Amino acid sequence: MGCAEQRFNVNLSILFTELPLLERPAAAAAAGFTAVELWWPWVDSPTPARSELDALKRAVEDAGVRLTGLNFYAGQLPGPDRGALSVPGAESERFRANIDVAAGFAQSLGCTALNALYGNRVDGVDPAEQDALALENLVLAARAADRIGAVLLIEALNEPESPRYPLVSAPAAVEVVDRVNEATGLGNARFLMDLYHLSMNGEDLPSVIERYASKTGHVQIADNPGRGAPGTGTLPLADLLDGLRKAGYDGWVGLEYKAGDRPSGDAFGWLPMEQRAAR
């Protein structure tokens with residue numbers, strides 16, 4: 001693959017999960033990577049104890065890797081949930097309680113990208129009510145991100161795997177990005193372009209890149225079918241990443257794929273060792 005111009009990070013919530021959380025940053029470093037990203041690691045708690053936050057911070061620092069992306073609290077992920085910020089009641093309150101905690105943790109490690117998953121539709125709740133709540137919470141999240149010099153990422157998922165998630169196309173996610181930026185005037189909401197999810201939705205990926213690269217704050221990849229490493233499916237990921245570069249995207253590319261039956265450390269054969277360290 002023609003990846004020499006890319007900056008890659010490893011998602012430690014889908015790779016190296018055969019290891020305890022605190023051992024994963026060092027495992028990524030041993031595989032040659034210098035940057036990592038995470039879903040919110042404490043799925044049961046938006047406000048974990050300071051000791052837990054400090055332990056993960058030390059693990060990242062001791063491994064000598066950089067945290068480049070972090071999700072806000074998103075409920076049970078992996079699991080049935082797809083975010084919390086649009087879910088009325090306790091989940092929305094948990095998201096709000098998490099905002100400053102996640103932003104503070106990100107700031108402590110120099111992380112400048114925070115991803116806010118929208119949340120599933122809820123039976124018996126007007127979608128317009130959910131969307132209004134989502135905008136309120138995304139505005140709060142965008143302001144918190146701005147305070148630490150970070151961008152707020154808004155992601156499209158795929159409908160086959162997330163049928164109750166309303167943002168299942170690039171245009172739908174970018175529309176929310178635009179609404180948040182209009183509401184805050186900050187301009188720090190950006191699109192998270194996950195090429196696996198968009199391909200699962202059957203979108204024209206070169207067209208998505210052409211239309212939305214300028215609004216993209218982060219890219220994630222996995223092959224399709226299977227959500228495995230590049231080369232295990234049929235997506236022309238090298239060509240797509242080249243297209244992103246030509247369209248002006250020079251940010252991080254998150255490796256958010258499944259290792260399969262092998263150890264995660266064996267799932268990077270497609271990427272030469274000298275191209276794993278961020279430049």
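These numbers come from the heavy atoms of this one structure, side chains and all, not from hydrogens, waters or symmetry mates. What you see is a predicted model; the values in this text were computed from it and never measured.
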Do [X] side-chain atoms and [Y] backbone N/O form a donor-acceptor pair below 3.5 Å?
X: T216; Y: Y212; result: yes
X: R276; Y: F8; result: no
X: R24; Y: L12; result: yes

- [ ] Could you tell me which residues satisfy salt bridge (charged side-chain N to carboxylate O under 4.0 Å, His left out) with K215, sequence neighbours excluded, listed by chain and number?
- [x]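 Here the qualifying residues are D178.
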Do [X] and [Y] have side chains that approach each other closer than 4.5 Å (heavy atoms only, starting at C-beta)?
X: E61; Y: R66; answer: no
X: Y257; Y: D223; answer: no
X: W270; Y: L255; answer: yes
X: K57; Y: L109; answer: yes
X: P41; Y: L38; answer: yes
X: S199; Y: L205; answer: yes
X: Q6; Y: R245; answer: yes
X: V87; Y: N120; answer: no

Open item on the list: Counting only heavy atoms from other residues, nucleotides and ligands, does the tally under 6.0 Å from CD of E23 exceed 12?
Closed with: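 More than 12 within 6.0 Å, yes.
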Provide the closest heavy-atom pair for [X] versus [Y] in the form atom of the first, atom of the second, distance.
X: A150; Y: L114; result: CB-CD1, 4.5 Å
X: A170; Y: L198; result: N-CD2, 3.9 Å
X: G251; Y: R7; result: CA-NH2, 3.5 Å
X: P166; Y: G119; result: CD-O, 3.2 Å
X: P171; Y: E203; result: CD-OE1, 3.8 Å
X: I99; Y: A141; result: CD1-N, 4.0 Å

Cut-off 3.5 Å, side chains only: do [X] and [Y] have a donor facing an acceptor?
X: S264; Y: E18; result: yes
X: D44; Y: Y73; result: no
X: E155; Y: Y165; result: no
X: N98; Y: T47; result: no

In terms of hydrophobic clusters joined by side-chain contacts under 4.5 Å, are [X] and [Y] together?
X: L22; Y: V43; value: no
X: L138; Y: L77; value: yes
X: L271; Y: I14; value: yes
X: L117; Y: L133; value: no
X: M193; Y: Y249; value: yes

Task: With sequence neighbours excluded, residues passing ring pair (Phe, Tyr, Trp, His ring centres under 6.0 Å) with F33 - done: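 If we apply the ring pair (Phe, Tyr, Trp, His ring centres under 6.0 Å) test to F33, skipping adjacent residues, the hits are F268.
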From [X] atom [atom1] to [Y] atom [atom2], the distance as rounded to the nearest 0.5 Å:
X: L244; Y: I209; atom1: CG; atom2: CD1; answer: 4.0 Å
X: I154; Y: L85; atom1: CD1; atom2: CG; answer: 8.5 Å
X: L135; Y: S86; atom1: CG; atom2: OG; answer: 12.0 Å
X: L167; Y: N201; atom1: CG; atom2: CG; answer: 11.0 Å
X: L70; Y: N115; atom1: CG; atom2: CG; answer: 9.0 Å
X: S162; Y: D81; atom1: OG; atom2: CG; answer: 11.0 Å

TODO: Could you walk me through whether N137 and S92 pass the side-chain contact (heavy atoms from CB on, under 4.5 Å) test, one step at a time?
DONE: CA-CA 8 Å; N137 284 335; S92 173; 3.0 Å; yes
Task: Residue pairs fulfilling side-chain hydrogen bond (donor to acceptor under 3.5 Å, both in side chains) with at least one residue in residues 26-42, sequence neighbours excluded - done: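 Sorted pair list: N9-E37, N11-E37, E37-H218, E37-Q220, W39-E256, W42-E52.
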Task: Residue pairs passing the side-chain hydrogen bond (donor to acceptor under 3.5 Å, both in side chains) test where at least one lies in residues 179-194, sequence neighbours excluded - done: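 Passing the test, one end in residues 179-194: E175-R179.
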- [ ] Using the test side chain to side chain donor-acceptor pair (under 3.5 Å), find all partners of R211 that sit at least two apart in sequence or belong to another chain.
- [x]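 R211 satisfies side chain to side chain donor-acceptor pair (under 3.5 Å) with no other residue.
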Open item on the list: Run the side-chain contact (heavy atoms from CB on, under 4.5 Å) test on V65 and V60 for me, step by step, so that the C-alpha distance in whole Å, both residues' side-chain angles and the decisive distance to 0.1 Å come before the verdict.
Closed with: CA-CA 6 Å; V65 295; V60 171; 4.0 Å; yes
- [ ] Inspect the contact between D62 and R58 and indicate whether a charged nitrogen and a carboxylate oxygen are less than 4.0 angstrom apart.
- [x]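 Looking at D62 together with R58, the answer is no, because their closest N to O distance does not fall below 4.0 Å.
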Open item on the list: Salt bridge check, R143 against D100: does any charged N sit closer than 4.0 Å to a carboxylate O?
Closed with: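 R143 and D100: not salt-bridged.
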Task: CA sep, side-chain torsions, deciding dist, call: F16, V10, side-chain contact (heavy atoms from CB on, under 4.5 Å) - done: CA-CA 9 Å; F16 296 106; V10 178; 4.0 Å; yes
Task: Audit row: L152, F72, side-chain contact (heavy atoms from CB on, under 4.5 Å) steps and yes/no - done: CA-CA 10 Å; L152 172 72; F72 287 106; 3.7 Å; yes
Show which side-chain atoms of residues 228-235 pair as donor or acceptor with protein atoms under 3.5 Å away, not counting sequence neighbours.
residue, atom, partner, partner atom, Å
T232, OG1, A229, N, 3.4
T232, OG1, A229, O, 2.6
T234, OG1, N224, O, 3.1

